[in-house]
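Every number for a ligand or one of its atoms is a count from 1 in the order of the listing.
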Amino acid sequence: MNPKFNKKILAIAGIVIILTLTLIIINSTRNDQADNNKIARNNGQQEAVNIEDEPTNAVIEPTNEPEPSITSEVIVKEIVELSVEEDIPSLYEVYSAYFPIGAALEPFQTTGLKADLLKKHVNWIVAENAMKPVSLQPTEGNFNWTQADQLIEFAKANNMEVRFHTLVWHTQVGDWFFKDLEGKSMVDETDTDKREANKQLLLERLATHVRTIVSRYKDDIKSWDVVNEVIEPADPDGMRASEWYKITGTDYIETAFRVAREAGGPDIKLYINDYGTDDVVKRDRLYELVKEMIEKDVPIDGVGHQTHINIEWPPVGSIIASMEKFAGLGLDNLVTELDMSLYVWNDRSDFGEEIPYQIVEKQADRYAELFEAFKEHKDIIGGVVFWGIADDHTWLSTFPITRTEAPFLFDKQLHAKPAFWALVDPATR
Ligand code: GLA
């Protein structure tokens with residue numbers, strides 16, 4: 001065979017082998033990269049996200065587009081460690097000339113980073129669950145103080161005040177309250193005399209619950225939610241058709257306030273707490289009830305406005321208008337459970353992992369507007385309490401559906417969001 005021809009074949013074969021090897025190496029590098037990305041994501045550590053989509057099994061139609069080069073940008077996203085930023089202003093100090101700033105917490109949050117965040121930014125705390133009826137008296141006569149005491153100790157050790165939430169509610173309350181002496185459900189009773197006896201029994205149980213708790217904590221807690229969510233415009237009379245109401249009418253409200261005052265003395269402040277108090281129909285029904293109670297000398301000191309709002313609704317003006325209306329009765333107003341959902345009512349969408357920047361900014365603007373109004377009305381607002389502190393822990397992430405939520409001023413890493421800066425430095429908005 002012609003040696004020249006031989007050399008040519010060898011040269012071509014060599015080039016083919018080199019090309020094949022190069023392709024194999026390129027391919028394996030790309031697969032390694034994809035695997036590494038997945039591992040990093042699963043570990044929740046530093047995340048390297050290739051701007052191409054992850055490989056799929058879908059058939060890819062040939063196009064004229066050039067293949068993106070494997071050296072094309074790889075965006076490295078830092079997944080920042082949880083930490084408390086010590087070099088930023090303290091929220092409650094910034095607001096000290098206006099009103100105290102509070103947050104709801106669980107007992108497990110009294111240690112660690114969450115505790116540090118709370119200590120820096122709030123001077124008021126409230127139990128998210130630990131002081132609800134079922135937590136304190138799960139079965140008749142068996143009071144469980146451990147978790148509530150833990151919160152009080154935490155507050156004392158850190159110069160914070162405590163709010164009490166809540167002596168009476170229609171949910172998170174032991175069933176035993178509403179069973180007669182034979183264990184039968186009181187609401188099902190049809191005999192008039194027995195209904196009356198049941199009513200007295202329920203009011204006695206309520207009085208014992210209230211007296212026992214208020215006597216224990218009256219020196220540690222000044223601000224008390226006595227009843228929670230008793231108004232429901234859709235129910236008969238606009239009063240929530242709870243077991244409390246069906247069995248006692250509005251007597252349970254009266255009893256709870258009177259016994260709280262007797263046990264706690266004149267210095268504790270007693271509140272009626274509800275959500276949607278900006279809604280004109282609900283607000284006016286609540287107003288009517290409170291006015292009627294005050295005329296009967298029921299000791300009500302103020303209205304707690306839960307203020308679970310969203311990024312669009314309600315208008316700040318209607319929140320303030322409601323407070324002004326109750327202030328007209330000589331009552332204090334508290335914002336008791338503030339959070340701001342990213343979704344409007346009835347929206348069931350989910351931002352997933354990436355909350356759009358415009359939404360985060362919109363939330364900041366709305367928080368700024370809200371707190372400017374609160375500051376202007378500081379004379380009728382006794383305090384502002386958030387229903388949590390950072391986006392890693394909020395009831396909204398499972399209500400009304402499970403999804404990404406971010407209702408607070410601090411993100412999941414406990415770092416200040418634009419909403420925080422909107423409140424401590426509103427001039428920048
Ligand atoms: C109501 C209650 C709170 C809390 C929230 C949701 O607002 O008052 O105690 O349960 O619902 O978590």
query: Quick check: does any side chain N or O of Gln306 sit under 3.5 Å from a backbone N or O of His308, one acting as donor and the other as acceptor?
result: no
message: If you define the side chain from C-beta out and look only at heavy atoms, does anything of Phe326 sit under 4.5 Å from Ile380?
response: no
- prompt: Charged N to carboxylate O below 4.0 Å: is that the case for Asp180 and Lys194?
  reply: no
- request: Evaluate the side-chain proximity of Val187 to Phe178: yes if any heavy-atom separation is below 4.5 Å, no if none is.
  value: no
Element-labelled atoms of ligand 1 that are located less than 4.0 Å from some non-hydrogen atom of His308: 7 (O)
query: Is the shortest N/O to N/O distance between Lys132 and ligand 1 below 3.5 Å?
result: yes
task: Not counting sequence neighbours, which residues clear ring pair (Phe, Tyr, Trp, His ring centres under 6.0 Å) with His170? List them please.
output: none
Ligand 1 contact on Trp387 by region, counting heavy-atom pairs under 4.0 Å: side chain
- prompt: Does ligand 1 have any atom sitting under 4.0 Å from a heavy atom of Phe399?
  reply: no
field: Shortest protein heavy-atom distance from atom 9 (O) of ligand 1, along with the residue and atom involved
entry: His165 NE2, 2.6 Å
- prompt: Below 3.5 angstrom, do we get any N/O pair linking Trp395 and ligand 1?
  reply: no
task: Would you mind reporting whether Trp169 and Val227 have side-chain heavy atoms less than 4.5 Å apart?
output: no
task: Please identify which atoms of ligand 1 are closer than 4.0 Å to at least one heavy atom of Asn228.
output: 2 (C), 8 (O)
- request: Distance to 0.1 Å, residue and atom name: give those for the protein heavy atom nearest to atom 7 (O) of ligand 1.
  value: Glu337 OE1, 2.5 Å
